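Take a look at the structure set out below.
Values below: every heavy atom of this structure, side chains too, minus hydrogens, waters and symmetry copies. The structure displayed is predicted, hence computed values, not measured ones.
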Amino acid sequence: MTVYRGTFLDTPVAGELRVELDGGVRVRDGAVVARGPFVEVATADDDVVDLSGGLVLPGFVDTHVHYPQVRAIGGLGMPLLDWLEQCALPEECRLADLDYARTVAAEFVDGLARAGTTSALVFGSHFAPAVDALFTEADRVGLRVTTGLVVSDRLLPGALLTTPERALAEGRALAERWHGVRRSRYAVTPRFSLSCSAELLESCADLLASVDGAFFTSHVNENPAEVATVAELFGGSYVDTYDKPGLLGPRAVLAHDVHPTDGELDVLGLRGTAVAHCPTSNAALGSGLFPLRRHRAAGVRVALGSDVGAGTGFSLLKEGLQAYFGQQLQGTEGERLTPADLLHLATAAGADALGLDDVGHLSIGRRFDAVWLRPPAGSTLDVVLRSAAGPHDALAKAFALGGPADVAAVWVDGDRIRG
Ligand code: GUN
Ligand code: ZN
């Protein structure tokens, strides 16, 4: 049987770092079956995979990332609605071409894997064949993806618009083909209420009700101009636009929520809906500082999203660091996040938000979804890790300095998908 040897860090309990220095993790049929000190776990018959040097972490879980926006990364200097018009939507229109979509799907899945992301809730494309291309590529590589057709029926370029009937039919066909197939699941995905009529959101609710175990995802309360437009279009609160048709529940994830009212937070807490906090995107678009403390006080589950392409890359190490900065900048209103909090947000909290109760940490019984961070010899991260005062310090250094170049190998279900 396979035993992995290395320094394992994970957070089965929020805020508490579990450390296995010179640890051993035994994996059978993709699941962790034993763990502890290497000398106690390994036997002479085992096939030992030596991961000493660096850190072994649970695979990262990205709860909000856009497949068609890989090539839109780095469009800086604009607020949300200008950025959508000038950067994101013109690129999204190009995915009407299936060959182009296939190329982008390969770049996207590769980008996630290189960053150490093993599970993701992905905003798909407005074009059904492009969404099929994404499912096909993620399935080929072996990533856990939950994704679906993005739908809108107003205020976007005409090529991106659909109708409630077509959205339902195309969504149903994709879900029938992919939902529950190996590591893929379907997510009902209206782009945001600004670009969706009440009738389209009703059709999303019909689709959600007809696909057992499907997820719901969209955007909420990201930018003040967006929030004001949604209020003009619908009256009522932004959260209500999704709640009224019955789209919110424990299998729903709303991205951003930078500007919620207390009443909206109460609804999210009551419904068990999770929020994807997207720190680099919020900073890049100037959307604002995330009110983490208010979410926690209302009992709202929070995890991390890279929000590529408004976000500045696939690495959840960078998102964790930016989440830390964002809280620091709020002074006494902010949460003082520890390295263990950052790891929890990037792994176990994400798994919880996505209802993936067999990943997120490396406990016995969980799937072996893992990332080996081993920085290139002589890199600054390599140098500072060698002088780390202990595992908490080493983890802080990984968040401060780490990125895709430090990801030496990645496993999903015990399958080595990279490195
Ligand atoms: N709101 C609606 N669409 C988008 C998008 O593509 N990115 C972000 N950050 N917010 C959105
Ligand atoms: Zn987004």
Side-chain angles (χ1 to χ4, degrees), residues 30 59 61-70 92 95-113 117-152 160 162 164-191 200 203-218 247 249-253 255 276 305 308 350-351 353-359 367 369 412-413 415 417:
V61 182
D62 189 339
T63 63
H64 185 75
V65 56
H66 293 253
Y67 140 54
Q69 295 180 6
V70 189
E92 298 215 10
L95 275 79
D97 175 342
L98 182 55
D99 285 338
Y100 187 81
R102 286 194 181 114
T103 304
V104 172
E107 293 167 353
F108 174 78
V109 170
D110 190 55
L112 288 174
T117 294
T118 50
S119 299
L121 176 57
V122 180
F123 242 74
S125 164
H126 289 267
F127 304 104
V131 178
D132 190 70
L134 172 62
F135 272 122
T136 302
E137 180 63 9
D139 187 57
R140 186 187 71 77
V141 171
L143 279 194
R144 292 184 202 284
V145 294
T146 306
T147 190
L149 182 70
V150 179
V151 298
S152 289
L160 302 181
T162 187
E165 298 72 28
R166 194 173 130 210
L168 186 58
E170 291 183 347
R172 200 168 267 157
L174 281 164
E176 275 166 13
R177 188 156 145 77
W178 287 107
H179 184 62
V181 174
R182 291 177 286 281
R183 297 169 189 156
S184 296
R185 301 181 305 177
Y186 196 78
V188 175
T189 314
R191 184 163 201 122
L200 184 63
S203 91
C204 288
D206 290 345
L207 179 58
L208 191 62
S210 74
V211 182
D212 195 30
F215 260 70
F216 169 74
T217 192
S218 193
L247 290 163
R251 283 198 305 273
V253 179
V308 156
L354 301 195
L356 295 169
D357 51 15
D358 56 356
V359 302
R367 309 303 297 170
D369 284 17
V412 177
D413 273 337
D415 296 338
I417 65 161

From CA spacing to verdict: side chain to side chain contact (heavy atoms under 4.5 Å, CB included), Arg172, Val211: CA-CA 8 Å; Arg172 200 168 267 157; Val211 182; 5.6 Å; no
What is the minimum heavy-atom distance between Leu247 and Ala252, and which atoms define it? O-CB, 3.9 Å
So, for Cys204 and Val151, which heavy atoms are closest and what is the spacing to 0.1 Å? SG-CG2, 3.8 Å
Asp369: which residues meet the salt bridge (charged side-chain N to carboxylate O under 4.0 Å, His left out) condition with it, sequence neighbours left out? Arg144
My understanding is that only residues two or more places apart in sequence, or in another chain, count here; which of them pass salt bridge (charged side-chain N to carboxylate O under 4.0 Å, His left out) with Glu107? Arg71
Partners meeting side chain to side chain donor-acceptor pair (under 3.5 Å) with Ser218 (sequence neighbours left out): Tyr242
Report yes if the side chains of Thr117 and Val61 come closer than 4.5 Å at any heavy-atom pair, otherwise no. no
What I'd like to find out is whether the side chain of Tyr186 reaches to under 4.5 Å of the side chain of Thr146, using heavy atoms alone. no
Atom pair CG (Leu98) and OG1 (Thr103), whose distance is rounded to the nearest 0.5 Å: 9.5 Å
Listed partners of Ala128 passing side chain to side chain contact (heavy atoms under 4.5 Å, CB included), at least two apart: Leu149, Glu170, Leu174
Taking side chain to side chain contact (heavy atoms under 4.5 Å, CB included) as the test, write out the residues that go with Ser203, two or more places apart. Pro164, Ala167, Leu200
What are the two closest non-hydrogen atoms of Leu121 and Ala187, and how far apart are they? CD1-CB, 3.9 Å
How about Val122 and His64: do any of their side-chain heavy atoms sit closer than 4.5 Å? no
Under the side chain to side chain donor-acceptor pair (under 3.5 Å) test, residues paired with Arg251 that sit two or more places apart: none
Considering only heavy atoms from C-beta outward, does the side chain of Leu160 approach that of Phe127 to under 4.5 Å? yes
Calculate, to the nearest 0.5 Å, the distance between atoms CZ and OG1 belonging to Phe215 and Thr63 respectively. 10.5 Å
Pro190 versus Phe123, closest heavy-atom pair with distance: O-CZ, 3.8 Å
Check whether any side-chain heavy atom of Leu112 lies under 4.5 Å from a side-chain heavy atom of Leu143, and answer yes or no. yes
Holding to side chain to side chain contact (heavy atoms under 4.5 Å, CB included), I want the full list of residues that pass it with Asp99, two or more places apart in sequence or in another chain. Asp97, Arg102
Applying side chain to side chain contact (heavy atoms under 4.5 Å, CB included), can you list everything that pairs with Pro250, at least two apart in sequence or on another chain? Arg301
Spell out, as yes or no, whether a donor-acceptor pair under 3.5 Å connects the side chain of His179 to the backbone of Asp212. yes
I'd like to know if the side chain of Thr147 and the backbone of Val145 have a donor-acceptor N/O pair within less than 3.5 Å. no
Residue pairs fulfilling side chain to side chain donor-acceptor pair (under 3.5 Å) with at least one residue in residues 119-136, sequence neighbours excluded: His126-Arg191, Asp132-Arg177, Asp132-Trp178
Applying ring pair (Phe, Tyr, Trp, His ring centres under 6.0 Å) to Phe108 and not counting sequence neighbours gives Tyr67, Phe314
Closest non-hydrogen atom pair, Ala130 against Ala101: CB-CB, 3.6 Å
Could you check if a side-chain atom of Val412 sits within less than 4.5 angstrom of a side-chain atom of Val141, using non-hydrogen atoms only? no
Please answer whether the main-chain N or O of Gly142 pairs with a side-chain N or O of Arg183 as donor and acceptor at a distance below 3.5 Å. yes
Could you pull out all residues at least two apart from Asp358 that satisfy salt bridge (charged side-chain N to carboxylate O under 4.0 Å, His left out)? none
What are the two closest non-hydrogen atoms of Ile417 and Ala113, and how far apart are they? CD1-CB, 4.2 Å
